[in-house]
Enquirer: 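Here you go, one structure.
The model shown is predicted, which means the values in this text are computed figures rather than measured ones. Residues take their numbers from the sequence shown, with the count starting at 1.
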Amino acid sequence: MIPDAAGVIAVASEHGTPAYVHDLDEMARRIGALRRALPDRVDLAYAVKANPAIAVIGVAAAEGLGADVMSVGELDAAVRAGIEPASIVYTGPGKRDAELAESVERGIGAITLESLGELERLRGICREARRRQAVLVRAAGEPRPDNVIGTGHGRFGMRESDLLAAARAVAAAPELDLIGVHRFDATNVLDHRKLLATWNRSIEIAARVARASATPLRLVDLGGGLGIPYEDGEAPLDLRGLGAGLEALVATLDADTMLAGARLLLEPGRHLVGPCGAYVVRVIDVKVADEGTVVTVDGGVHHLLRPALVGGQHRIVSLAPDAVARRTAQAIVGGPLCTSLDVLGQVTLPEPRVGDLLAVTDAGAYGYTESMPLFGSHPSPLEIVLQGGEARVIRDRINPAVFIDQQAGSPGGLSYRSWENR
């Protein structure tokens, strides 16, 4: 979808392209729709990695969500956006000692333990700080053909023998408070039944953890994975079916004395913000090649890496005012980089012309900050939000000179400052 198409056209015309445009009002509507579908025992923590712009996180904060972070940088952004540290869960592998120490000092809601080694490091940090920290032990996902997390799934969480050992160790550690289990087993799932199946498995694992540690659990973190359609013909996630299934999972919790009263936590990111954003580019050249019509635009995979990274196709929409009156053409839309990877999509478009604005839709998640902006030494895109009928720039373009001039101390070092005046 295109968030507020008229607003997108207006800001692109005023501020230029390439640009990310996020409709924050639409994000608030999506949060409301999801919350209305869920049982009261299900909490939401916005997955900051999906889009860490403070203005975006601020919508989650205003709607009463917590946050799921994977670095101190994301933790800082969440707090600056208005989310209380006690509502933040720190997940992800590779937490450095300094990051763990700062998280403990800030009093965040929970830290997810990825390994027995991380457990011992956190114990030492808490002992030194004379603080007690709530933790979740993370169970590894299961390798299977439809698990699109990929072959690196084993990097996350612990196999069951280590998981149970970790739970016993945490239960015996005065510095740590075992509050629950975290497990994340899928990504961008559109079939609610698949999500419910993996979440049911997570509750089964949580029950074994509770018994192995002799500790009643207060939280089962089900992770994210709530998907959005990227291509025509894909059906959106059935929120009503999802909510009904979660009601059944809550009943399962209450049937187990070690889990009764525990809350469930979902960590949606893409589902909330993905459809609210568009990456807007302008056509700078059109030609015919053996493969068909080639449309070159002023932005590419250095700003929106997902098409090249996962082979995923986004919809691309023409914003030309007379688009509906034009004949359609098969087009390969690519950017200005000298690499064959720089293809945003192969799509059917109203006959493209130089100067047209195109919008790559559903780009609100895993866009700007998942990109590789230094490749090619082009300026970074603008980032703009629409809210309450107004537009504002939240991140200006970064001139490549900012990065290249860091080399200028060496003899003959290049300076691109003159580029700004061209």
Side-chain angles (χ1 to χ4, degrees), residues 1-24 26-27 49-53 55-56 188 228-232 269-285 295-320 323 331-337 339 341-347 349-350 352 355-376 378-386 391-398:
M1 62 179 293
I2 305 175
D4 186 3
V8 170
I9 295 169
V11 297
S13 298
E14 179 180 355
H15 296 286
T17 54
Y20 276 97
V21 184
H22 306 295
D23 186 339
L24 301 187
E26 176 61 19
M27 182 183 175
K49 62 181 176 289
N51 188 327
V56 170
N188 198 44
I228 61 171
Y230 280 101
E231 300 183 45
D232 291 332
R270 183 198 322 260
H271 181 80
L272 299 181
V273 75
C276 308
Y279 175 57
V280 187
V281 293
R282 192 174 294 278
V283 176
I284 55 178
D285 193 33
V295 180
T296 302
V297 295
D298 58 1
V301 298
H302 54 318
H303 296 162
L304 180 62
L305 185 57
R306 185 180 180 273
L309 186 65
V310 302
Q313 173 74 61
H314 289 245
R315 286 167 285 215
I316 301 178
V317 179
S318 174
L319 299 179
I332 300 169
V333 180
L337 305 181
T339 170
L341 292 174
D342 192 14
V343 175
L344 291 171
Q346 300 186 42
V347 294
L349 286 172
D356 286 350
L357 288 174
L358 303 181
V360 184
T361 68
D362 304 298
Y366 304 108
Y368 187 103
T369 56
E370 196 183 45
S371 62
M372 46 181 192
L374 300 187
F375 185 40
H378 289 273
S380 68
L382 278 173
E383 197 164 17
I384 299 167
V385 296
L386 306 174
R392 71 181 189 275
V393 175
I394 61 170
R395 195 182 334 243
D396 209 342
R397 300 190 197 285
I398 300 175

Enquirer: For T296 and G335, which heavy atoms make the closest approach, and how far apart are they?
Expert: CG2-O, 3.9 Å
Enquirer: Quick check: closest heavy atoms across A359 and L319, and the distance to 0.1 Å?
Expert: CB-CD1, 4.0 Å
Enquirer: With a 4.5 Å cut-off on side-chain heavy atoms, are H378 and L337 touching?
Expert: yes
Enquirer: Which one of V295, L358, I332, V360 satisfies the side-chain contact (heavy atoms from CB on, under 4.5 Å) criterion with L344?
Expert: V360
Enquirer: Pick one: which of I384, I394, L304 meets side-chain contact (heavy atoms from CB on, under 4.5 Å) with Y20?
Expert: L304
Enquirer: Report all side-chain donor-acceptor pairs from residues 364-375 shorter than 3.5 Å, counting only partners two or more places apart or in another chain.
Expert:
from : atom 1 : to   : atom 2 : distance (Å)
S371 : OG     : Y368 : O      : 2.5

Enquirer: Kindly determine whether S318 and D356 satisfy side-chain hydrogen bond (donor to acceptor under 3.5 Å, both in side chains), including the steps that lead there.
Expert: CA-CA 7 Å; S318 174; D356 286 350; 4.6 Å; no
Enquirer: Side-chain contact test, heavy atoms from C-beta onward, threshold under 4.5 Å: evaluate it for Q346 versus P307 and give yes or no.
Expert: no
Enquirer: Would you confirm whether H303, through its side chain, and P379, through its main-chain N or O, come within 3.5 Å as a donor-acceptor pair?
Expert: yes
Enquirer: With side-chain contact (heavy atoms from CB on, under 4.5 Å) as the test, would you mind laying out the steps for R315 and V347 before giving the verdict?
Expert: CA-CA 8 Å; R315 286 167 285 215; V347 294; over 6 Å; no
Enquirer: Run the ring-ring contact (aromatic ring centres under 6.0 Å, His included) test against H271 and tell me which residues pass, sequence neighbours left out.
Expert: none
Enquirer: Do R306's NZ or CZ and the ring of Y230 fall within the cation-pi criteria of under 6.0 Å and 45°?
Expert: yes
Enquirer: Does V333 reach the side chain of L349, with side-chain heavy atoms less than 4.5 Å apart?
Expert: yes
